[in-house]
Participant: 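The structure that follows is given in the form of structure tokens.
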Amino acid sequence: MPPKGPKSGSKAKSTIVNKVLNVDGTFRTPEPRGRSNHPDPDVRNLDNKIDDIKREDKPRDWGSMDSTGDKKKDHDKLKDRWNEYIDENPDGWSNKKRQPCVSAVWDRESGRVYYDHNVNKRDKWNMDPDELDPILRERYNKSLDRDGDFWKLQPPDQDRHGAPGTHSETRALNRALKDARADGREPWMEDFMIHNGNPKSKESMRSCGNCTQMCDGTHGSKAGWKSDGSGGYTEDTSWNGDFSV
């Protein structure tokens, strides 16, 4: 006895699955569709659910970001990206490695974003100048003169920060400068933008006395400092964490 199929006009023949199967092209589209706009809500809902299953989340491109061309908006954008990066921790850095500061440096010409952290305390005076980009190498060489302007420009406790070039923003900027040269481009410090912060509290952190000079010219390198009127700088105690200044 042949199996009984659904009778004409029966409820079984009007199931959602049969509706979708009877719509031409529903399962023959070679590429994922956008959200379904089919007039039948049953077909539309199932279409969308099927597409949701096929649609995989793309991995976040942490190393790239498009500039708006507006400095203030771009600093806000970089800060937001830094916050997301800290939450996600895609590099799997330990809390010890991330403390006390993580920096994001954005090359607004290429769109690339670089992240780095300070070196271990026991290595804070270990710096290989040969690893530095020529711009940073020249500034590091100036720091070797203990009676020179590099050490007079900032507060007297500058020594506690260790060797210039061992902090997060300078390390990230060094990589950015090298990649720009690898592109065949002569980089200008104004091409780059910095955001620093404490990964535990997420509070913005000004660059230390060393890094303000190593990264001088980048957007944000002097944030949190104010001129003392005689060529030096003092901490701006009223600074609100805005790196776009």
Side-chain angles (χ1 to χ4, degrees), residues 71 75 78 82 98-109 114-181 185-198 203-239 241-245:
K71 187 171 70 170
H75 272 284
L78 183 59
W82 182 92
R98 297 205 301 178
Q99 292 290 345
C101 182
V102 170
S103 298
V105 170
W106 184 12
D107 180 352
R108 294 164 76 220
E109 289 295 311
Y114 301 80
Y115 309 88
D116 223 316
H117 53 78
N118 291 11
V119 300
N120 190 288
K121 286 183 179 180
R122 67 172 178 268
D123 295 323
K124 70 178 185 177
W125 284 104
N126 293 332
M127 166 54 62
D128 182 359
D130 291 336
E131 293 296 319
L132 294 174
D133 176 84
I135 295 175
L136 300 182
R137 173 68 182 272
E138 180 182 358
R139 296 178 180 189
Y140 173 81
N141 288 341
K142 289 181 179 179
S143 78
L144 299 179
D145 179 5
R146 304 297 291 194
D147 295 320
D149 290 338
F150 193 99
W151 294 98
K152 292 177 181 178
L153 183 63
Q154 304 293 354
D157 65 348
Q158 200 170 319
D159 285 42
R160 69 185 176 88
H161 297 299
T166 58
H167 283 190
S168 54
E169 58 268 60
T170 307
R171 283 155 50 86
L173 178 60
N174 188 46
R175 291 163 44 216
L177 286 165
K178 287 182 173 182
D179 281 356
R181 293 188 192 280
R185 181 175 120 226
E186 180 64 31
W188 296 88
M189 297 299 269
E190 292 79 5
D191 297 339
F192 305 94
M193 185 173 278
I194 292 174
H195 180 78
N196 302 328
N198 180 287
E203 292 183 1
S204 298
M205 297 178 67
R206 62 170 58 84
S207 293
C208 73
N210 291 346
C211 293
T212 57
Q213 297 174 92
M214 291 294 286
C215 302
D216 189 24
T218 60
H219 294 296
S221 62
K222 287 292 194 295
W225 296 87
K226 60 182 178 181
S227 173
D228 65 6
S230 60
Y233 286 83
T234 58
E235 290 188 6
D236 182 356
T237 56
S238 63
W239 184 57
D242 183 6
F243 272 87
S244 66
V245 294

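Reckoned from all heavy atoms, side chains included, excluding hydrogens, waters and symmetry mates. The shown structure was predicted, so the numbers you read here are calculated from the model rather than taken from an experiment.
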Participant: First locate atom CG of Asp123, then atom CG of Asn118, and finally report the distance between them rounded to the nearest 0.5 Å.
Facilitator: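 Output value for this atom pair is 11.5 Å.
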Participant: Do Ser207 and Asn196 have side-chain atoms, one donor and one acceptor, less than 3.5 Å apart?
Facilitator: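 There is such a pair between these side chains.
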Participant: Would you say that more than 12 heavy atoms from the other residues, nucleotides or ligands in this model lie under 6.0 Å from the CZ of Arg122, or not?
Facilitator: no
Participant: For a salt bridge (Lys or Arg N to Asp or Glu O under 4.0 Å) with Glu235, tell me which candidate from Arg206, Lys222, Lys226 qualifies.
Facilitator: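 Of Arg206, Lys222, Lys226, salt bridge (Lys or Arg N to Asp or Glu O under 4.0 Å) with Glu235 is met by Arg206 alone.
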Participant: For a quick test of reading the model, state the closest non-hydrogen atom pair linking Val105 to Ala176 and the distance between them.
Facilitator: CG1-CB, 4.3 Å
Participant: Taking CH2 in Trp125 as the centre, count heavy atoms belonging to other residues, nucleotides or ligands within less than 6.0 Å. Is the count above 12?
Facilitator: yes
Participant: May I ask you to decide if His161's main-chain N or O and His167's side chain share a donor-acceptor pair within less than 3.5 Å?
Facilitator: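 The answer is yes, because a donor-acceptor pair under 3.5 Å joins these two groups.
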Participant: Check each of Cys208, Ser221, Cys211 against Glu169 using the side-chain contact (heavy atoms from CB on, under 4.5 Å) test, and report the only one that passes.
Facilitator: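 For Glu169, the side-chain contact (heavy atoms from CB on, under 4.5 Å) check succeeds only for Cys211.
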Participant: Indicate yes or no for a side-chain donor-acceptor contact from Arg98 to the backbone of His117 under 3.5 Å, with no hydrogens or angles considered.
Facilitator: no
Participant: Does CD belonging to Glu138 count more than 12 external heavy atoms closer than 6.0 Å?
Facilitator: no
Participant: What I want to find out is whether Asp133 reaches Arg175 closely enough, with some N-O distance under 4.0 Å, to be called a salt bridge.
Facilitator: no
Participant: Strictly distance-based, threshold 3.5 Å: is any side-chain N or O of Arg139 a donor or acceptor partner for the main-chain N or O of Met214?
Facilitator: yes
Participant: Check whether any side-chain N or O of Asn174 sits under 3.5 Å from a backbone N or O of Gly165 as a donor-acceptor pair, and report yes or no.
Facilitator: no
Participant: Please work out which of the three classes, parallel, tilted or perpendicular, describes the rings of His75 and Phe243, given edges at 30° and 60°.
Facilitator: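 The rings of Phe243 and His75 lie parallel, inter-plane angle below 30°.
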Participant: Which heavy atom in Asp159 sits nearest to a heavy atom in Trp151, and how many Å separate them?
Facilitator: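 Taking Asp159 first and Trp151 second, the nearest heavy atoms are OD1-CZ3, 3.4 Å.
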Participant: Please check this pair: side chain of Asp191 against backbone of Trp188, looking for a donor-acceptor N/O pair closer than 3.5 Å.
Facilitator: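 Side chain of Asp191 to backbone of Trp188, a donor-acceptor pair under 3.5 Å: yes, one is there.
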